[in-house]
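Structure, as structure tokens:
Predicted model only: the values in this text are computed from it and were never measured. Below, each value reflects all heavy atoms present in this structure, side chains not excepted, and no hydrogens, waters or symmetry copies.
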Amino acid sequence: MKDRKNIEKTKDTRHAHAQYGNAVAFLKYGLILAWMIFIFYMSAQPGDVSGDISGGVSHLFMKIWNVVFFQGWGEVEVLHMAELWDYPIRKLAHMTEFGILAMLVYWGLGQRMEEKIRTWFPVHTRYVSAWIFTVIYAATDEIHQLFVPDRSGNGFDVCVDATGALLALVVVWGIPRVVQVCKSNCRKQQ
């Protein structure tokens, strides 16, 4: 009788773990899909709308810069600096968008996938897979922009996006190592 209760508890526990795993998977893939839709939506904006959005972001960024670093600029100077920095800020936004996508894909792939594939691909599979997926999506995003009024797709933006993805994955790779070194040093000091 006792064994039967233990077996039922084990089945209930497995079922609960499976449901939790399904919920986490739904969250992971849902976030990836939502972020991809966001990128698609931003790329679907016609050139004038896209220009207004990036110009507004540049203006806001320069207003914040002016306050934080006590520049003392008037509105004319802020507008001039926003215009001057618009292109680099747009490229930084590209890098950030695709860096976030790469991190989400890395998280979504999970440890089990890496263990399965590592037998025939002996590198950090999750990092490489997340980067390749992100670069392919960046390329399709640029192709998509060819069909949007007053927008154009170009290979340079794919390179910018790929760089953002790579930098984000380097951060994801490096954070555990930095934490490990810090913990190790703290233990040595005690």
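The two atoms that bring I32 and L104 nearest to each other are CD1-O, 3.5 Å, heavy atoms only. The two residues D86 and S58 have their closest heavy-atom pair at OD1-OG, 2.9 Å. Minimum interatomic distance between T134 and A165 (heavy atoms only, all atoms of both residues): CG2-CB, 3.7 Å. Between A139 and V158 the shortest heavy-atom distance is CA-CG2, 3.8 Å. Listed here is the closest heavy atom pair of A162 and V135: CB-CG2, 3.6 Å. Nearest heavy atom pair, residue W107 against residue L31, reads CZ3-CD1, 3.7 Å.
In this structure, R151 and S50 have side chains that are in contact, with non-hydrogen atoms separated by less than 4.5 Å. Within the 4.5 Å cutoff, side-chain heavy atoms of D141 are placed close to those of H144. Annotation: side chain of M42 is in contact with side chain of I53 (closest heavy-atom distance under 4.5 Å). Side-chain contact between Y127 and W173: present, with at least one pair of heavy atoms (C-beta onward) separated by less than 4.5 Å. With contacts defined as side-chain heavy-atom distances shorter than 4.5 Å, the pair H80/W73 does not qualify. Side-chain contact between H59 and V78: present, with at least one pair of heavy atoms (C-beta onward) separated by less than 4.5 Å. Contact check for K63 versus E75: side-chain heavy atoms found under the 4.5 Å cut-off. Counting heavy atoms from C-beta on, the side chains of Y106 and W131 never come closer than 4.5 Å.
The hydrophobic clustering, which links ILVMFWY residues whose side-chain heavy atoms are closer than 4.5 Å, places F26 and L33 apart. Linking Ile, Leu, Val, Met, Phe, Trp and Tyr residues whenever their side-chain heavy atoms come within less than 4.5 Å leaves W85 and L92 in two separate clusters. Under a hydrophobic clustering in which Ile, Leu, Val, Met, Phe, Trp and Tyr are joined whenever their side-chain heavy atoms come within less than 4.5 Å, directly or via other members, L79 and V67 fall into different clusters. Under the 4.5 Å side-chain heavy-atom criterion for ILVMFWY residues, no single connected hydrophobic cluster contains both V172 and L167. L169 is connected to V128 through a chain of hydrophobic side-chain contacts under 4.5 Å among Ile, Leu, Val, Met, Phe, Trp and Tyr, so both are in one cluster.
Between the CG atom in L166 and the CG atom in D161 there is a gap of 12.5 Å [rounded to 0.5 Å]. To the nearest 0.5 Å, atoms CG (D157) and NE2 (H94) are separated by 4.0 Å. Atoms OH and CE, on Y29 and M36 in that order, are 13.0 Å from each other to the nearest 0.5 Å. For the atom pair SG of C159 and NZ of K91, the computed distance is 11.0 Å after rounding to the nearest 0.5 Å. Here the CZ atom belonging to F133 is positioned 8.0 Å from the CD1 atom belonging to I136, to the nearest 0.5 angstrom. Here the OG atom belonging to S54 is positioned 5.0 Å from the CZ atom belonging to R90, to the nearest 0.5 angstrom.
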Would you please test V148 and Q45 for side-chain contact (heavy atoms from CB on, under 4.5 Å) and show each step?
CA-CA 7 Å; V148 177; Q45 303 305 309; over 6 Å; no
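Without hydrogens or angle criteria, N154 side chain to E142 main chain gives no donor-acceptor distance under 3.5 Å. In this structure, T140 contributes its side chain and Y137 its backbone to a donor-acceptor pair below 3.5 Å. No donor-acceptor distance shorter than 3.5 angstrom exists from the side chain of S184 to the backbone of Q180, with no hydrogens or angles considered.
Around CD of E77, the count of heavy atoms belonging to other residues, nucleotides or ligands within 6.0 Å exceeds 12.
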